[in-house]
J.: 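My questions all concern the structure below.
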Protein chains: 2
Amino acid sequence: MSLTLDAPAAITLADQALQAIQARIVSGELAPGTKLSEGELASEHGISRGPLREAIRRLEARRLVEVVPNAGATVVCLTHEQLLAVYETREALEGMACRLAAQRIEASEVAALHALLDQHEQALGGAAEARYLQEEGDFDFHYRIARASRNEILASMLCDDLYHLVRMYRRRTPGDHGRGRQALAEHRHIVDALGAGDAELAELLMRRHVAAARYLLNDN
Amino acid sequence: MSLTLDAPAAITLADQALQAIQARIVSGELAPGTKLSEGELASEHGISRGPLREAIRRLEARRLVEVVPNAGATVVCLTHEQLLAVYETREALEGMACRLAAQRIEASEVAALHALLDQHEQALGGAAEARYLQEEGDFDFHYRIARASRNEILASMLCDDLYHLVRMYRRRTPGDHGRGRQALAEHRHIVDALGAGDAELAELLMRRHVAAARYLLNDN
DNA sequence: GAACTCTAAATTGTAGACAATATTTTGACG
DNA sequence: CGTCAAAATATTGTCTACAATTTAGAGTTC
């Protein structure tokens with residue numbers, strides 16, 4: 001189960017560097033605020049500065065790094081307000097994605113979503129390590145709905161830009177103790193709305209779902 | 001009156017090339033589907049291939065060009081479905097921007113928006129050439145609301161990505177004969193909702209406004 | 001005459017060297 | 001001792017050259 005929405009088989013060195021560095025940022029190995037030296041990173045990845053610069057600029061476009069001309073790049077360091085802004089944007093985009101998905105999703109995809117939620121339900125009672133898989137499963141859920149919108153631009157903005165930021169900061173927020181069950185119930189209602197083709201309801205439920213996650217950001 | 005949301009004073013050659021090529025694409029000089037040869041463009045702009053490649057990749061991130069590894073870049077050529085997708089995404093983002101703006105906009109900004117609309121009203125009866133200014137004025141209106149959302153990510157997605165695509169394809173769609181007055185009326189209602197701090201209504205009106213523009217895409 | 005193959009030209013990907021700018025260190029002065 | 005200034009260092013921006021891949025075309029074969 002690939003979580004990264006059909007990652008294009010990295011052909012060029014810049015592509016490989018992009019994916020490698022992005023993974024290091026999202027995993028936390030390269031913490032927010034870390035300076036990214038071109039020479040250092042290039043030798044670490046065994047490539048020249050040319051392709052590495054290209055990777056850095058693409059990470060900048062994805063909002064994972066910030067580049068100051070003549071001064072270099074640093075891993076993005078979001079303020080609380082900026083993280084709220086990410087969730088506000090998510091709410092708008094995921095809401096629309098869910099609305100469109102309700103109109104365009106296939107029955108087989110709805111069935112697959114229900115199966116995914118069954119899986120989550122079983123993992124919910126499980127051990128502590130199941131928590132990690134559950135978190136990733138949550139992203140899988142949202143990825144699938146983004147794709148089901150049949151809107152490539154919308155899906156790309158969510159999957160290529162915002163989700164990486166959310167993952168990056170999720171491990172830093174305490175939150176969701178006992179929210180697993182609640183989130184699962186919300187997911188189930190969303191899939192029901194998708195299956196019924198109720199676009200209005202699907203959008204409403206998704207927006208509430210994302211908003212609920214946003215409210216948790218304030219309790220820390 | 002700068003329409004490009006605080007364009008950072010182009011310091012680096014790559015920045016200058018980005019803005020120059022972007023202008024050529026949006027204006028139609030570089031038509032959709034045009035092959036962008038690195039060597040050719042580099043000599044045209046009097047720079048080396050290095051900075052030019054960087055400009056190309058940033059245009060790719062803004063969805064104005066498409067790059068195929070080892071094959072080169074072409075100016076993006078949207079299908080009708082993809083253009084609809086742009087408007088669907090706009091509806092989601094501008095709706096949320098308008099909702100947030102209603103909560104955060106300052107009285108002086110509301111007054112400035114009314115003044116802008118007064119200007120449009122006068123230009124409406126005017127000559128044919130006023131049409132052009134009116135079109136640009138429409139973008140100015142939307143830019144200001146995006147900024148008033150106080151959400152940098154949301155504003156950047158609209159101003160840096162989507163609006164360029166919309167401008168690029170607006171000149172190709174026949175549409176809005178006599179829609180000027182209607183659009184102006186919608187704008188006025190939106191500003192009224194902003195001034196009243198009615199977030200729900202502001203979002204609803206903006207979404208309808210964008211949706212109305214989208215429907216026009218089908219009549220050609 | 002159409003289709004395939006192989007060669008040659010052109011274009012993109014990458015590496016390394018140099019120039020320009022920022023940062024750090026060192027020293028002097030108040 | 002702290003602060004400012006200037007040189008030394010390090011880092012980024014840019015250019016040129018080379019390698020790898022794709023594309024165009026000539027030639028051949030069926």
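Letters A, B, ... are given to chains in the order of the sequence lines, protein chains preceding strands, and every chain is numbered from 1.
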J.: According to side-chain hydrogen bond (donor to acceptor under 3.5 Å, both in side chains), who are the partners of Tyr87(A), at least two apart in sequence or on a separate chain?
T.: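 Not a single residue meets the side-chain hydrogen bond (donor to acceptor under 3.5 Å, both in side chains) criterion with Tyr87(A).
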J.: How would you list, by chain and number, every residue that makes a ring pair (Phe, Tyr, Trp, His ring centres under 6.0 Å) with Phe141(A), sequence neighbours excluded?
T.: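 If we apply the ring pair (Phe, Tyr, Trp, His ring centres under 6.0 Å) test to Phe141(A), skipping adjacent residues, the hits are His187(A).
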J.: Does any residue of residues 48-58 of chain B have a heavy atom under 4.0 Å from DNA chain D, and if so, which ones, in number order?
T.: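 Correct list: Ser48(B), Pro51(B).
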J.: Kindly write out the residues that satisfy side chain to side chain contact (heavy atoms under 4.5 Å, CB included) with Ser37(A), not counting sequence neighbours, or none if the list is empty.
T.: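 Expected list: Glu40(A).
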J.: Does Ser156(B) reach the main-chain N or O of Ile153(B) with its side chain, forming a donor-acceptor pair under 3.5 Å?
T.: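 No: the side chain of Ser156(B) does not pair with the backbone of Ile153(B).
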J.: Between Asp161(B) and Met157(A), is any pair of side-chain heavy atoms under 4.5 Å apart?
T.: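 SC-SC contact between Asp161(B) and Met157(A) confirmed.
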J.: Reckon Thr12(B) has a side-chain N or O less than 4.0 Å from the OP1 or OP2 of dT14(D)?
T.: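 Answer is yes, contact under 4.0 Å.
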J.: Go through the side-chain N and O atoms of Asp138(B) and His120(B) and say whether any donor and acceptor fall under 3.5 Å apart.
T.: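 No.
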J.: Please name all residues satisfying side-chain hydrogen bond (donor to acceptor under 3.5 Å, both in side chains) with Glu44(B), sequence neighbours left out, ordered by chain then number.
T.: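 Counting only residues at least two positions away or on another chain, Glu44(B) forms a side-chain hydrogen bond (donor to acceptor under 3.5 Å, both in side chains) with Arg24(B).
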J.: In this structure, how many angstroms lie between the P atom of dA19(D) and the CG atom of Leu13(A), rounded?
T.: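 These atoms are roughly 16 Å apart.
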J.: With distance as the sole test, does Thr12(B) use its side chain to make a donor-acceptor pair with the main-chain N or O of Asp15(B) at under 3.5 Å?
T.: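 Checking the backbone N and O of Asp15(B) against the side chain of Thr12(B), no donor-acceptor pair under 3.5 Å is found.
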J.: Considering only heavy atoms, which members of residues 38-45 of chain B lie under 4.0 Å from some atom of DNA chain D?
T.: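 Per residue number, the list is empty: none.
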J.: Excluding sequence neighbours, so at least two apart, what forms side chain to side chain contact (heavy atoms under 4.5 Å, CB included) with Val76(B)?
T.: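 Only Glu66(B), Leu78(B), Leu165(B), Met168(B) meet the side chain to side chain contact (heavy atoms under 4.5 Å, CB included) criterion with Val76(B).
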J.: NZ of Lys35(A) versus C1' of dT11(D): gap in Å, rounded?
T.: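 Computing the Lys35(A):NZ to dT11(D):C1' distance gives 7 Å.
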J.: Under 30°, 30 to 60°, or over 60°: which ring-plane class applies to His142(A) and His209(A), parallel, tilted or perpendicular?
T.: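 It falls in the parallel class, under 30°.
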J.: Listing time: all N or O pairs from protein to nucleotides 21-23 of chain D that are below 3.5 Å?
T.:
none

J.: Using the salt bridge (Lys or Arg N to Asp or Glu O under 4.0 Å) rule, collect all pairs that involve residues 97-120 of chain B, keeping only residues at least two apart or in two chains.
T.: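 Applying salt bridge (Lys or Arg N to Asp or Glu O under 4.0 Å) to every pair that reaches into residues 97-120 of chain B, excluding sequence neighbours, yields Glu88(A)-Arg104(B), Arg99(B)-Glu200(B), Arg99(B)-Glu203(B), Glu109(B)-Arg150(B), Asp118(B)-Arg188(B).
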J.: Suppose we screen for salt bridge (Lys or Arg N to Asp or Glu O under 4.0 Å). Which residues come up paired with Glu186(A), at least two apart in sequence or across chains?
T.: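 Here the qualifying residues are Arg179(A).
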J.: Go through DNA chain C in 5' to 3' direction and return only the first and the last nucleotide with some atom under 4.0 Å of chain A's heavy atoms.
T.: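 Extent of the interface on DNA chain C: dG13(C) to dA22(C).
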J.: Which residues pass the side-chain hydrogen bond (donor to acceptor under 3.5 Å, both in side chains) test with Arg208(A), not counting sequence neighbours?
T.: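 Applying side-chain hydrogen bond (donor to acceptor under 3.5 Å, both in side chains) to Arg208(A) gives none.
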